[in-house]
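Along the sequence shown, residues carry numbers from 1.
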Amino acid sequence: MPLSWNEIKTRAVAFAQRWHDAASENSEAKPFLIDFFEVFGITNKRLATFEYAVKKYGGKAGFIDLFWPGVLIVEMKSRGKNLALAYQQAMEYCAGIKEHDLPRYVLVSDFATLQLTDLETNHTLTFPLADFVTHISAFGFIAGYTTQVIQPQDPINMKAAERMGKLHDQLKAIGYLGHPLEVYLVRLLFCLFAEDTGIFEKRQFQEFIENKTRSDGSDLAAQISQLFYVLNTPLAQRLTNLDEELAAFPYINGKLFAELLPPASFDRTMRETLLSVCALDWSRISPAIFGSIFQSIMSETERRNLGAHYTSEENILKLIKPLFLDALWTEFHKLGNNKAKLNAFHHRLAQLTFFDPACGCGNFLVIAYRELRKLELAILEKVHKKAQLLEIDTLIKLDVNQCYGIELEEFPAQIAQVALWLTDHQMNQQVSAKFGVYFVRIPLKTSATIVHANALQMDWRNVCPHASFIIGNPPFIGHQWRSPAQQADVELVFPKDKKFGKVDFVGAWFVKATQYLLNQRQTACAFVATNSITQGEQVGILWSWMLAQGVQIHFAHRTFSWTNEAKSNAAVQVVIIGFALFAAQVKTLFIYADVKGKPQALPASHINPYLLDAPNVLLPSRSQPPQGMPAMTKGSQPTDGGHLILDAAQKANSWQNILT
């Protein structure tokens with residue numbers, strides 16, 4: 001377990017004083033670096049090698065003073081020497097290092113000055129040894145406290161998809177298919193993330209592969225199978241003569257590694273592919289995009305368009321902020337520094353439950369849970385200030401078991417479960433960084449409830465008996481494009497005495513949600529939906545029934561263009577509708593001057609199903625015209641392939657022909 005920041009700072013002061021007094025032109029690198037690493041509690045010889053031999057650019061041999069594969073190289077020079085030349089020499093060493101061993105950080109020093117460069121951000125920090133404790137947080141990656149600013153559009157996401165896709169294709173090509181392949185890849189995902197975020201030791205999984213398997217890959221599958229078994233076995237129940245590297249892995253639990261899978265098989269090329277996947281920094285990948293990565297690897301075409309399945313965080317926040325998040329933050333700020341009220345508010349946050357009945361890979365649940373954990377951290381900072389919390393694990397109340405979901409496909413359901421665990425761990429890292437005490441919830445004791453089932457064929461209360469909020473992005477399928485199976489599901493959901501045949505597929509989730517609300521009347525719901533359910537005849541069909549049940553619209557985003565992280569977005573125009581069976585104190589309409597632009601929030605006295613600030617006056621669907629009006633056989637619906645649409649010149653010419 002990493003040292004607390006207070007202990008690290010105490011050691012840093014002593015280290016700086018000792019070497020300030022003792023260092024000279026003849027100081028040796030190794031004692032300095034051993035002392036340096038002990039500041040962070042690192043004594044494990046497995047991590048780094050002194051005087052590591054490597055071929056520099058041009059083929060010349062060289063020796064790196066310290067090499068921590070995948071993390072750090074250090075080049076030491078005598079006191080007063082040029083650090084720019086030392087950095088150049090370190091970069092020449094990088095040319096002789098394998099890709100999956102390339103470091104992220106370069107540290108050069110002359111015993112009086114330290115210069116740390118992050119090769120990913122190109123940020124360089126230079127300071128005298130006497131100021132070491134002032135800049136100690138920059139070295140948090142050594143102790144295991146590193147945190148990342150995660151961007152879904154980070155290019156590493158594409159690399160992750162491509163390399164995992166390659167491994168998927170190779171396993172599939174040898175006949176490893178279906179459910180076993182999906183579970184296998186999910187487990188590998190967890191291991192990759194674990195070794196880059198402090199669940200495992202840094203590079204522990206990668207070095208297990210490198211050190212314990214043959215280069216031809218012939219025993220790799222057997223070793224991975226044994227590793228999966230070990231990860232599912234409590235420490236006290238493991239064999240006493242277990243290999244030392246295997247025994248060093250922690251117990252994970254959570255049933256992630258419980259299922260016994262058929263043996264896979266690897267060759268030399270597949271082993272290299274797996275090592276190339278290990279070379280990526282998985283801590284930079286947001287769990288919110290894991291689903292996109294894993295859905296994309298299942299199809300070579302989709303792999304080229306990473307993000308087609310990924311709902312952007314901006315769009316998710318458009319839904320969860322007005323549904324619950326804005327109100328919670330407003331309440332938090334009103335509480336000021338009243339510890340009793342803050343603690344009561346914190347306790348209430350832990351009682352909230354979130355349910356997505358079309359959860360896919362869990363993006364909405366992941367972002368909702370992450371945002372709630374940010375609010376919890378803000379509460380802890382106010383209540384406990386910046387003091388070191390030795391029992392932080394007893395103060396964290398929010399957990400992934402507050403999240404529930406239903407997903408039709410098995411693979412995305414598995415991803416949703418793991419993504420929430422990983423999000424939880426990332427937020428625990430933020431807690432560790434804030435309070436200086438390492439906090440990790442391993443072994444896993446709780447999990448989200450993600451059910452692999454057809455949401456339209458079951459009672460949602462059997463999955464989530466008491467949801468505080470229902471959220472999600474149900475399928476976008478027009479009523480005319482429903483498959484026979486989907487049509488059968490719709491007929492199960494919609495009331496038998498109403499004609500719902502022309503309501504889009506997403507309407508079935510609105511009906512199911514309303515039926516849930518009738519039994520849980522304090523639950524609030526918000527869905528993304530095709531904008532057609534707020535237009536034309538669908539309004540009279542769907543909303544006349546919903547309004548009759550007592551549904552009230554609390555907020556709505558009028559039509560906007562649905563975007564994701566894909567290179568070529570589908571031209572889908574959607575709305576977001578938040579509703580419940582109780583009155584809202586404030587109602588808000590989000591208006592778009594440009595469907596691809598930003599919304600303007602307007603207060604509303606009442607929001608009707610056409611998403612207007614107006615009374616509930618609905619136009620019913622009818623087959624006969626009103627008395628005295630001509631019959632209409634086809635409305636304004638350009639579904640003729642464009643043949644009846646005239647441009648300006650054709651329109652003018654047509655009028656000219658009519659007039660003459």
Residues G80 and D110: closest non-hydrogen pair is N-OD2, 3.1 Å
Nearest heavy-atom contact between T126 and T124 is OG1-CG2, 3.9 Å
Check this for me, if you would: do K445 and D399 make a salt bridge, where the nitrogen-to-carboxylate-oxygen distance has to be below 4.0 angstrom? no
Is the gap between the ring centers of F132 and F139 under 6.0 Å? yes
message: Counting only heavy atoms not in L260 (residues, nucleotides, ligands), do more than 12 fall under 6.0 Å from its CG?
response: no
Exercise for the section: State, yes or no, whether a side-chain contact exists between E259 and R187 at a heavy-atom distance under 4.5 Å. Expected result: yes
Go through the steps to decide whether Y184 and L261 satisfy the test side chain to side chain contact (heavy atoms under 4.5 Å, CB included), and finish with yes or no.
-> CA-CA 8 Å; Y184 205 88; L261 297 177; 3.9 Å; yes
Under 3.5 Å donor-acceptor, D219 side chain and A222 backbone: no
Taken to the nearest 0.5 Å, the spacing of L365 CG from Q417 CD works out to 11.0 Å
- Side chains of E75 and L107: closer than 4.5 Å at any heavy-atom pair? no
(message) Run K374 and Q430 through side chain to side chain donor-acceptor pair (under 3.5 Å) and show every step you take.
(response) CA-CA 9 Å; K374 288 180 181 178; Q430 289 196 21; over 6 Å; no
Taken to the nearest 0.5 Å, the spacing of C403 SG from L398 CG works out to 9.0 Å
Do NZ/NE/NH1/NH2 and the carboxylate oxygens of K397 and E376 come within less than 4.0 Å? no
(Q) Salt bridge check, D424 against R370: does any charged N sit closer than 4.0 Å to a carboxylate O? (A) no
| Hey, do the aromatic rings of F205 and F200 have their centres closer than 6.0 Å? | no
Review point. Within the distance-only criterion (no hydrogens, no angle test), does the side chain of W282 pair as donor or acceptor with the backbone N or O of V277 below 3.5 angstrom?
Key: yes
Does the distance from a Lys or Arg side-chain N to an Asp or Glu carboxylate O, for E7 and R11, drop under 4.0 Å? yes
Taking the side chain as C-beta and beyond, is there a heavy-atom pair between F411 and L181 under 4.5 Å?
no
(request) Verify, without hydrogens or angle tests, whether Q204 (side chain) and E201 (backbone) share a donor-acceptor contact under 3.5 angstrom. (result) yes
Heavy atoms of I415 and C361 approach each other most closely as CG2-CB, 3.8 Å
| task | State plainly whether the residues R104 and E120 are in salt-bridge range, i.e. N to O under 4.0 Å. | result | yes
Whether F36 and F32 hold their rings parallel, tilted or perpendicular, with breakpoints at 30° and 60°: parallel
Q: Let me see the working for V108 and V74 under side chain to side chain contact (heavy atoms under 4.5 Å, CB included), right down to the final yes or no.
A: CA-CA 6 Å; V108 295; V74 182; over 6 Å; no
In this structure, CD1 of I224 is separated from NZ of K212 (nearest 0.5 Å) by 15.0 Å
message = Is any side-chain heavy atom of Q206 closer than 4.5 Å to one of E195?
response = yes
Next item on the list: Decide yes or no for H123 and T117: does some side-chain heavy atom of the first lie under 4.5 Å from some side-chain heavy atom of the second?
Entry: no
Could you give me the CA-CA distance, side-chain angles and deciding distance for I142 and V39, then say whether side chain to side chain contact (heavy atoms under 4.5 Å, CB included) is met? CA-CA 10 Å; I142 296 177; V39 167; over 6 Å; no
(request) Report yes or no: does D65 contribute a side-chain atom to a donor-acceptor pair with the main-chain N or O of M76 at less than 3.5 Å? (result) yes
| With distance as the sole criterion, is a donor-acceptor pair present between the side chains of Q426 and T197 under 3.5 Å? | no
Proximity of F439 and F435 rings by center, below 6.0 Å: no
_Flag for R79-N26: side-chain donor and acceptor within less than 3.5 Å_ = no
Ring centre gap for F266 and Y176 strictly below 6.0 Å
no
_Could you walk me through whether F141 and Y105 satisfy the ring-ring contact (aromatic ring centres under 6.0 Å, His included) test, starting with their C-alpha distance in whole Å, then the side-chain angles of each, then the deciding distance to 0.1 Å, before giving a yes or no?_
CA-CA 10 Å; F141 67 93; Y105 298 95; 3.7 Å; yes
Correct closest heavy-atom pair for R373 and N428 would be NH2-OD1, 2.7 Å
- prompt: Quick check: does any side chain N or O of N253 sit under 3.5 Å from a backbone N or O of L444, one acting as donor and the other as acceptor?
  reply: yes
Output for pair (Q226 CD, L246 CG), nearest 0.5 Å, gives 5.0 Å
Subject >> Heavy-atom side-chain contact between R441 and I396 under 4.5 Å >> reply: yes
F127 atom CZ, over 12 foreign heavy atoms within 6.0 Å: yes
What one should report as the nearest heavy-atom pair of F257 and C191 is CZ-SG, 4.2 Å
- Tell me whether the centres of the aromatic rings in F67 and Y93 are closer together than 6.0 Å. no
Practice task
Please determine, by modelled atom types, if S218 and D216 share a side-chain donor-acceptor pair under 3.5 angstrom.
Solution key: yes
Discussion item. Does any part of the side chain of L317, heavy atoms only, come nearer than 4.5 Å to the side chain of E371, both counted from C-beta?
Written reply: yes
**Study point:** Flag, side chain of D101 to backbone of I97, donor-acceptor distance under 3.5 Å
**Key:** no
To the nearest 0.5 Å, atom OG1 of T233 lies from atom CG of L242 at 9.0 Å
Query - E210 and R203 ion-paired at < 4.0 Å - result: yes
Heavy-atom closest pair (I209 atom, C278 atom, distance to 0.1 Å) is CD1-SG, 4.1 Å
CE of M164 to CG of L185, rounded to nearest 0.5 Å, is 5.0 Å
L349 side chain near I379 side chain, heavy-atom distance below 4.5 Å | yes
| query | Any luck finding a side-chain donor-acceptor pair between R271 and T213 under 3.5 Å? | reply | yes
* Is a side-chain donor or acceptor of T113 paired with a backbone partner of S109 at a separation under 3.5 angstrom? -> no
If you apply the rule side chain to side chain contact (heavy atoms under 4.5 Å, CB included), what do you find for L256 with W421, and how did you get there?
CA-CA 11 Å; L256 178 59; W421 275 326; 4.0 Å; yes
Practice problem: Please confirm whether K382 makes a cation-pi placement over F332, using NZ or CZ under 6.0 Å from the six-membered ring centre and within 45° of the ring normal. | Solution: yes
